[in-house]
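After the structure tokens below, expect a handful of questions from me.
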Amino acid sequence: MAWSYRRQCLAALGLQVALLLLGMGGLALGGLAIDVVRHALDEAAPAPPWPLGWSPPAGASPMLLVIILGGAALLAAGMRAYFNILYAVSVNRLVQGEIVPSLRTQVFGKMQRLAFRFFDGNASGALLNRTTSDVQAVRSFVDLVLIQSLIMLMSLGLYLGYMLRHNVGLTLWCLATTPLLLITTMVFSRRVQPAYAANRAQMDDLVLRMSESIQGMAVVRGFAAEEILEADLNRRNRLVRDGQQRIFRHISLFSPAIGLLTQVNVIVLLAYGGSLVFRRALSLGDLVVFAGLLQQFSTQVTNMATVVNTLQESLIGARRVFEVLDTPVEIESPPAPRALPAADGMAGAVQFEGVTFAYGQGRRPALEAIDIDARPGSCVALLGPAGAGKSTLLGLIPRFFDPTRGIIRIDGVDLRELDLDQLRRQIGVMFQDSFLFSHTVAANIAYGWPEAPRADVERAARIAGADDFVRALAHGYDTVLGESGANLSGGQRQRLGLARAILRQPRILLMDDPTAAVDAETARDIWSALAETMHGRTTFVATHAPALLQRADVILVLEAGRIVERGTFAELSARAGGRLPALLGDGADDHHPDASSRAAQSGAIRA
Ligand code: ADP
């Protein structure tokens with residue numbers, strides 16, 4: 001990833017080289033000034049080592065030379081300041097302006113295409129972390145690790161070169177403790193990495209619990225669990241804090257240890273370098289330059305701690321980000337999708353042939369050996385206790401999952417050979433609860449089709465019986481949902497869900513118990529709206545509502561993932577020992593998750 005930003009990284013490095021050279025130049029000018037002064041005071045002292053074979057015109061006053069040298073050093077400092085600003089701006093533009101947004105887009109884009117399986121295995125809090133803080137951790141690899149370590153290497157190399165050229169012996173003495181520095185850094189990095197990993201996992205956990213407790217606020221309050229929840233969150237909060245303190249203790253040990261080791265360098269410099277100056281083997285100016293360079297050298301070595309530190313953190317973040325980016329997309333359009341036989345999309349024949357599906361390897365199949373042959377425009381009702389596999393069966397048709405075995409065909413074409421978008425555009429889905437986004441009502445109905453004509457949106461809403469209450473909202477179809485006063489009842493949400501499902505006039509309708517959680521009257525309205533919509537469309541509907549079951553061309557009774565009975569309502573009711581009466585009687589609702597659906601169904605029975 002960093003490689004794709006090599007141009008910008010190189011530009012940043014170029015600025016750093018300039019900064020380094022200017023810094024060293026400034027130091028050298030200072031050393032030169034000292035030697036000029038010393039030479040002026042004591043003729044016997046070595047002559048100032050003017051660079052590039054240049055020397056001042058004879059008779060130039062030392063004062064003037066010192067002023068000129070000082071001016072040049074000031075100029076170098078000014079240029080350094082300017083380059084530092086340029087560097088900060090260009091690096092920021094690179095990481096916050098390019099890398100972070102592009103990574104976020106990539107991670108989010110990938111999540112959109114990943115199978116539901118991925119989301120079952122990853123909590124939403126942890127996934128949000130991946131698009132926010134983990135992405136930041138990854139970008140810090142570029143500016144705080146990659147660029148910084150290159151800068152570190154370059155400056156260490158330059159300083160070392162300069163020092164060696166001036167005095168090999170002194171340099172070697174000064175750097176005698178460097179291996180110790182490296183060992184300390186390595187030991188430190190080994191210790192801190194697991195602590196960082198553990199800490200991020202704990203942080204994920206905390207975020208997950210917090211977001212759950214906000215989403216489930218009603219349950220928390222309803223069951224007076226505030227104190228338990230708070231105690232639990234506090235415990236997790238403390239865990240995160242303890243982890244961070246452990247890490248901090250390591251870090252705070254590391255820097256002083258490194259500092260101590262580098263101070264040893266300075267002592268050696270003064271002892272050995274001082275003796276060289278006495279013996280006139282080194283000029284005083286050079287000693288000062290050496291001291292300055294050593295200071296810089298130590299700063300860079302201490303920087304190593306920060307770099308190592310950030311490296312750990314960014315590698316952990318990177319692992320979590322690239323885990324998302326590298327997860328193979330299971331459900332994809334084939335490279336060369338097949339066209340459907342019908343000219344205007346699809347006719348809507350749906351066939352299941354020996355379909356078996358399991359959520360994950362080694363798990364009990366949620367569906368087994370399913371055979372269905374639905375003619376275009378027919379209505380297939382799915383009936384069965386909770387957990388029988390009704391939702392799973394519905395989810396296979398828009399390819400939310402692919403069958404583990406067997407084939408599903410639409411108009412005779414294997415779903416896996418069709419273009420995914422084209423397939424899903426021909427399917428209208430409606431779930432037990434319609435998720436509404438914090439958009440306008442119109443945008444919610446036209447979700448996924450923002451350019452839908454307003455007249456179509458309103459027509460769909462009218463069919464779904466939503467038009468009246470939408471017009472009564474403060475801004476009608478332009479009311480933004482989720483804002484104060486614009487909260488809708490369960491029944492109203494389902495009507496919007498129905499309008500959304502029918503807006504595109506899909507050939508296939510999938511209804512997953514859409515009236516499970518609404519009152520009897522609403523259920524009745526929704527079913528009658530559906531009856532109108534279902535005309536001419538292939539419909540798969542999971543329901544216990546007898547009115548709809550009676551209308552269905554075929555009822556499939558599911559039990560533990562298998563079709564145990566099939567036939568029309570009349571056939572199934574007449575069958576001796578059949579399951580239909582039990583499923584529709586009071587016994588049925590023992591399995592049913594939502595008691596309010598019983599009211600809905602009895603409403604539908606009356607209808
Ligand atoms: P129904 O819609 O009839 O209530 P489902 O299709 O939701 O039944 O579930 C069928 C079976 O698959 C159940 O045993 C359920 O526990 C399991 N199941 C459903 N969704 C998942 C999932 N995302 N991951 C693992 N198992 C699942």
Side-chain angles (χ1 to χ4, degrees), residues 111-127 208 212 215 327 329-331 350 352 355-372 379-406 408 415 427 429-435 494 497 501 508-518 539-546 548-549 552 554-566 572 579-580 582-584 587-598 600-601:
M111 281 187 190
Q112 299 286 306
R113 292 187 293 128
L114 284 178
F116 285 89
R117 200 194 302 273
F118 179 82
F119 297 90
D120 291 339
N122 290 282
S124 61
L127 290 179
L208 168 68
E212 269 182 5
Q215 281 167 10
T327 303
V329 176
E330 291 173 36
I331 310 279
V350 179
F352 279 60
V355 170
T356 293
F357 172 79
Y359 287 96
Q361 270 182 348
R363 299 188 57 171
R364 200 180 60 81
L367 287 176
E368 234 176 318
I370 302 290
D371 289 301
I372 305 173
C379 171
V380 178
L382 306 172
L383 184 64
K390 305 180 294 291
S391 312
T392 309
L393 195 154
L394 292 176
L396 286 170
I397 301 174
R399 276 191 82 194
F400 290 163
F401 336 95
D402 277 339
T404 316
R405 261 201 313 280
I408 303 172
L415 288 187
I427 296 177
V429 282
M430 189 175 171
F431 305 98
Q432 289 190 4
D433 182 32
S434 296
F435 189 88
Q494 286 307 77
I508 297 175
L509 273 175
L510 305 176
M511 304 274 148
D512 191 356
D513 217 350
T515 55
V518 302
T539 308
F540 278 72
V541 54
T543 183
H544 284 74
L548 207 70
L549 293 174
V554 63
I555 301 172
L556 306 176
V557 181
L558 283 169
E559 226 174 69
R562 287 179 172 275
I563 298 179
V564 288
E565 280 184 50
R566 68 172 84 206
L572 292 185
R579 290 169 176 80
L580 188 65
L583 280 166
L584 294 183
D589 289 330
D590 288 349
H591 302 287
H592 209 280
D594 199 315
S596 70
S597 65
R598 199 180 310 180
Q601 285 148 25

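Whatever order the structure lists them in is the order used to number ligands and atoms, beginning at 1. In this chain, numbering begins with 1 at the start of the sequence shown.
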### Message
So, using side-chain hydrogen bond (donor to acceptor under 3.5 Å, both in side chains) as the criterion, who are the partners of R562 when residues are at least two apart?
### Response
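Residues passing side-chain hydrogen bond (donor to acceptor under 3.5 Å, both in side chains) with R562: E368.
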
### Task
Please step through side chain to side chain contact (heavy atoms under 4.5 Å, CB included) for the pair L383 and L549, ending with a clear verdict.
CA-CA 9 Å; L383 184 64; L549 293 174; 4.2 Å; yes

### Query
Looking at L509 and A501, what are the two nearest heavy atoms and their distance?
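Heavy atoms only, the tightest pair is CD2-O, 4.2 Å.
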
### Task
Sequence neighbours left out, what passes side-chain hydrogen bond (donor to acceptor under 3.5 Å, both in side chains) with Q215? Give chain and number order.
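With neighbours one apart ignored, the set is empty.
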
### Message
Checking side-chain polar atoms at under 3.5 Å, does S391 have a donor or acceptor matched by the opposite partner on D512?
### Response
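Present: a donor and an acceptor within the cut-off.
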
Donor-acceptor pairs under 3.5 Å, side chain of residues 395-406 to any protein atom, not counting sequence neighbours: which ones?
residue	atom	partner	partner atom	Å
R399	NE	D402	OD1	2.8
R399	NH1	E332	O	3.1
R399	NH2	D402	OD2	2.8
T404	OG1	A358	N	2.9

### Query
Measuring from each atom of ligand 1, which residues have a heavy atom under 4.0 Å away?
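Around ligand 1, where the cutoff is 4.0 Å for heavy atoms, the contacting residues are D120, Y359, R363, R364, A366, P385, A386, G387, A388, G389, K390, S391, T392.
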
